[in-house]
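Accompanying notes for the structure given below.
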Amino acid sequence: MKNILTLSAMALALSSCSMMAGNMMMKPYTLAKQPAGMALASSGTVESKMSGTMVMTTAKVTGLAPSTYYVAHYHLMGTKSADPCASGGDAIIASKIVGQTDAAGMLSLSGSVEKSVIMDAKYFNIHTASGADGTPADAGVSCTSLDVAMMK
């Protein structure tokens with residue numbers, strides 16, 4: 001009986017290891033304020049998790065304007081600066097996530113995209129949006145550099 005219980009425990013442990021291997025998580029990245037954020041004191045984190053060929057992205061940001069729409073997406077590296085967040089790279093529109101802050105200025109975003117679409121992304125930023133459609137209304141209020149290619 002003891003051997004049967006031990007085998008069951010080992011099978012459970014091995015199955016949870018294989019489940020974790022299929023869902024690789026990048027380290028959390030810290031969002032920093034961008035100049036377009038002006039008086040906003042935004043801060044937060046972005047986490048990405050692989051599941052098969054998809055990348056699930058979750059962002060949590062505080063210090064934004066209350067009851068306001070924001071849009072976030074991954075960007076390619078631009079040529080204006082060696083700092084990815086100041087480089088002015090093209091947005092990867094397929095990675096767009098739109099959300100609205102609560103009355104305290106807290107924003108929670110979640111979305112997914114094929115890894116192949118964002119493979120060359122070098123930064124993730126959040127813009128004020130002109131409305132629920134997610135059209136950016138500024139150059140970005142919060143940003144972090146990252147390396148999607150490092151995800152397995």
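Note that this is a predicted model, so its numbers are computed, not measured.
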Just do the side-chain contact (heavy atoms from CB on, under 4.5 Å) check on L31 and V46 with the steps written out, would you?
CA-CA 7 Å; L31 288 160; V46 176; 3.7 Å; yes
Side chain to side chain donor-acceptor pair (under 3.5 Å) evaluation trace for T53 with E114
CA-CA 6 Å; T53 62; E114 285 280 339; 3.0 Å; yes
side-chain contact (heavy atoms from CB on, under 4.5 Å) for S43 and T62? Distances and angles first, verdict last.
CA-CA 6 Å; S43 64; T62 60; 3.5 Å; yes
How far apart are the C-alpha atoms of Y74 and S48, what are their side-chain angles, what is the distance that settles it, and do they pass the side chain to side chain donor-acceptor pair (under 3.5 Å) test?
CA-CA 11 Å; Y74 289 88; S48 300; 2.8 Å; yes
Go through the steps for Y70 and L109 under the test side-chain contact (heavy atoms from CB on, under 4.5 Å), then give the verdict.
CA-CA 9 Å; Y70 287 88; L109 297 170; 5.6 Å; no
Pair L76-K122, side-chain contact (heavy atoms from CB on, under 4.5 Å): steps then yes or no:
CA-CA 5 Å; L76 300 173; K122 295 300 176 196; over 6 Å; no
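Atoms CG and SG, on D83 and C143 in that order, are 7.5 Å from each other to the nearest 0.5 Å. A distance of 9.0 Å separates CE in M77 from OG in S145, rounded to the nearest 0.5 Å. Atom CG of residue D120 and atom NE2 of residue H75 lie 14.5 Å apart, to the nearest 0.5 angstrom. Atom CG of residue L64 and atom NZ of residue K33 lie 11.0 Å apart, to the nearest 0.5 angstrom.
When all heavy atoms of C85 and Q34 are compared, the closest pair comes out as O-NE2, 3.1 Å. Nearest approach of V113 to A94, heavy atoms of both residues: CG2-O, 3.8 Å. Considering every non-hydrogen atom in both A103 and S67, the closest pair reads CA-OG, 4.2 Å. The shortest heavy-atom contact between M54 and S112 is CE-OG, 3.8 Å. Closest heavy-atom contact between L107 and G99: CD1-C, 3.7 Å. Across every non-hydrogen atom of V61 and S42, the tightest pair is CG1-CB, 4.1 Å.
A distance-only check finds a donor-acceptor pair linking the side chain of T101 to the backbone of A65 [under 3.5 Å]. No side-chain donor-acceptor contact under 3.5 Å links Y29 to the backbone of F124. Checked by atom type and distance alone, the side chain of T68 pairs as donor or acceptor with a backbone atom of P66 at under 3.5 Å. Listed for the S87 side chain is a donor-acceptor partner under 3.5 Å among the backbone atoms of G78. A donor-acceptor pair is defined here as one N or O able to donate and one able to accept, closer than 3.5 Å; no such pair exists between the side chain of K80 and the backbone of A86.
Taking 4.5 Å as the limit, some side-chain heavy atom of M106 sits within range of a side-chain heavy atom of K60.
A chain of hydrophobic side-chain contacts below 4.5 Å, direct or via other Ile, Leu, Val, Met, Phe, Trp or Tyr residues, connects L146 to M50. Cluster annotation: I97 and I118 are assigned to the same hydrophobic cluster (Ile/Leu/Val/Met/Phe/Trp/Tyr, side-chain heavy-atom contacts under 4.5 Å, transitive).
Applying the side chain to side chain donor-acceptor pair (under 3.5 Å) test to residues at least two apart or on different chains, the pairs with a partner in residues 127-139 are H73-H127, N125-H127, T128-D138, D133-T135.
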